[in-house]
Asker: 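This is the structure I have questions about; it appears just below.
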Amino acid sequence: MAFSLVVREGKERGRKYRFRSAVSVGRDAANDVVLNLAGVSREHARIEPQGDGWALVDRGSANGTGLNGALLSSAARLRPGDRIGVGGIVFEFRADRRPAWLDRWRSLPAPARTTAIAAFVLACGIAAERATRLGGAAARRPAGDGAPSPAAALPLRAPAAAAADLEAGRAAWQRGRLKLEERRVAPRNLYDAWQAFMSARGHLEGLDPRPPFFADLERQIGEAQRDLERDCHRLLFAAARHGRYGEEEKAQRIWREILLHFPGDDPAGCRSKAQDNLLSLQPDGGG
């Protein structure tokens, strides 16, 4: 019975955590999710099993734990899509709908998985050969004679799902690297690189073992995010300075530049700030 927590607001927006057991959240390093942020208590909140689902519990935190915008007063059962607020971070709770075989597969030791994959590949070859023979025989046999369907000979495709995730994750990672190399060509390329890296992590973080380049991916996500936040602060400071001196046209130009640098939601909320300021500068349009 697994679940995921996705960061929807605050630092490391877009990051996903997956769990199969109770989870503690807080500032102390002993927690499963460590949030070293102002407003977060050492032992802040906990997600615990409750029947066939999960419940959110506040652990006596100083500032309380939020659930869908309201402070938690007692243990509350979680539903998919619920928003959990801890300090300045908002998580989205997701029930994990992965099939049971995937958890069993991940629990196997690496040698057993290697043996299983080899057996799967061999079985695919045997099944394909058998399907070819059956197909030829079916063409010569009257319909309805009880012959087995070629499709019935095919084995389950459990390892294929992991292979698909690996392929998609690698493609997204390579796309992000290319965008990062071209970050000087267009303002949005840094943002596109960060988005591609986040997409790659979403595909890869559930694999066990993770691919060798996963450590590089994590480092690149952190560096891209820091660069995005640095660009955001630089542009916001310039726009605010022009605004203080009454240079509204120059300020508006920078707000629009921010929209080019940040075409979607970003960790620092830069795009939303630019949109709010541009909206505030628009005439009322009233008679």
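Side-chain atoms are counted along with the backbone in the values below, which use heavy atoms only and exclude waters and symmetry mates.
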Asker: Calculate, to the nearest 0.5 Å, the distance between atoms CD and CG belonging to Q195 and L190 respectively.
Answerer: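 Result: 11.0 Å between the selected atoms.
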Asker: Closer than 4.0 angstrom, basic N to acidic O: yes or no for K273 and D276?
Answerer: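 Looking at K273 and D276, the cut-off is not met.
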Asker: Rounded to the nearest 0.5 Å, what separation is found between the CZ atom of F262 and the CD atom of E257?
Answerer: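 Reported value, rounded in 0.5 Å steps: 10.0 Å.
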Asker: Quick one: salt bridge (Lys or Arg N to Asp or Glu O under 4.0 Å) pairs with a partner in residues 55-68, sequence neighbours left out?
Answerer: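 Matches after skipping sequence neighbours: E43-R59.
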Asker: Is the number of heavy atoms from other residues, nucleotides or ligands within 6.0 Å of CZ (R42) greater than 12?
Answerer: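 Not more than 12 within 6.0 Å, no.
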Asker: Please lay out, stage by stage, how V33 and F19 fare under the test side chain to side chain contact (heavy atoms under 4.5 Å, CB included).
Answerer: CA-CA 11 Å; V33 179; F19 302 100; 3.6 Å; yes
Asker: What disulfide bond (SG atoms under 2.5 Å apart) pairs are there with at least one residue in residues 30-77, not counting sequence neighbours?
Answerer: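 Pairs touching residues 30-77 that pass the test: none.
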Asker: Please, which pairs that meet ring-ring contact (aromatic ring centres under 6.0 Å, His included) have at least one residue in residues 203-232, sequence neighbours excluded?
Answerer: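 Of all non-adjacent pairs touching residues 203-232, those that pass ring-ring contact (aromatic ring centres under 6.0 Å, His included) are W173-F213.
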Asker: Could you point out which residue of K16, R8, R15 forms a salt bridge (Lys or Arg N to Asp or Glu O under 4.0 Å) with E12?
Answerer: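 Exactly one option meets the salt bridge (Lys or Arg N to Asp or Glu O under 4.0 Å) with E12, and it is R15.
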Asker: Return yes if a side-chain donor-acceptor contact under 3.5 Å exists between R170 and Q174, otherwise no.
Answerer: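 Q174 and R170 do not have a side-chain donor-acceptor pair below 3.5 Å.
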Asker: Could you grab the distance from atom OG of S272 to atom CD1 of I258, nearest 0.5 Å is fine?
Answerer: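 Between atom OG of S272 and atom CD1 of I258 there are 10.0 Å.
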Asker: What are the two closest non-hydrogen atoms of L235 and I254, and how far apart are they?
Answerer: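 Result for this residue pair: O-CG2, 3.4 Å.
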Asker: Can you find a pair of side-chain heavy atoms, one from I47 and one from I84, that are under 4.5 Å apart?
Answerer: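 In short, these two side chains touch, coming nearer than 4.5 Å.
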Asker: Does the ring center of F197 lie less than 6.0 Å from the ring center of W194?
Answerer: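 No - the distance between ring centres of F197 and W194 does not fall below the 6.0 Å cut-off.
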Asker: Which residues pass the salt bridge (charged side-chain N to carboxylate O under 4.0 Å, His left out) test with D265, sequence neighbours left out?
Answerer: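 Checked D265 against salt bridge (charged side-chain N to carboxylate O under 4.0 Å, His left out); matches are R13.
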Asker: Measure the spacing between CZ of R177 and CG of L217 and express it to the nearest 0.5 Å.
Answerer: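 Reported to 0.5 Å precision, the distance equals 10.5 Å.
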Asker: Would you please name every residue forming a salt bridge (charged side-chain N to carboxylate O under 4.0 Å, His left out) with E9, sequence neighbours left out?
Answerer: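 Counting only residues at least two positions away or on another chain, E9 forms no salt bridge (charged side-chain N to carboxylate O under 4.0 Å, His left out).
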Asker: What pairs meet the salt bridge (Lys or Arg N to Asp or Glu O under 4.0 Å) rule with one or both residues in residues 69-82, with sequence neighbours excluded?
Answerer: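 Sorted pair list: D52-R77.
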Asker: I want to check something: taking the side chain as every heavy atom from C-beta on, are R27 and L37 in contact at a cut-off of under 4.5 Å?
Answerer: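 Of all side-chain heavy-atom pairs linking L37 with R27, none is under 4.5 Å.
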Asker: Any side-chain heavy atom of F91 within less than 4.5 Å of one from V7?
Answerer: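 Contact flag for F91/V7 side chains = yes.
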Asker: Can you check side chain to side chain contact (heavy atoms under 4.5 Å, CB included) on E218 and R201, steps first, answer last?
Answerer: CA-CA 8 Å; E218 289 279 72; R201 182 164 66 183; 2.7 Å; yes
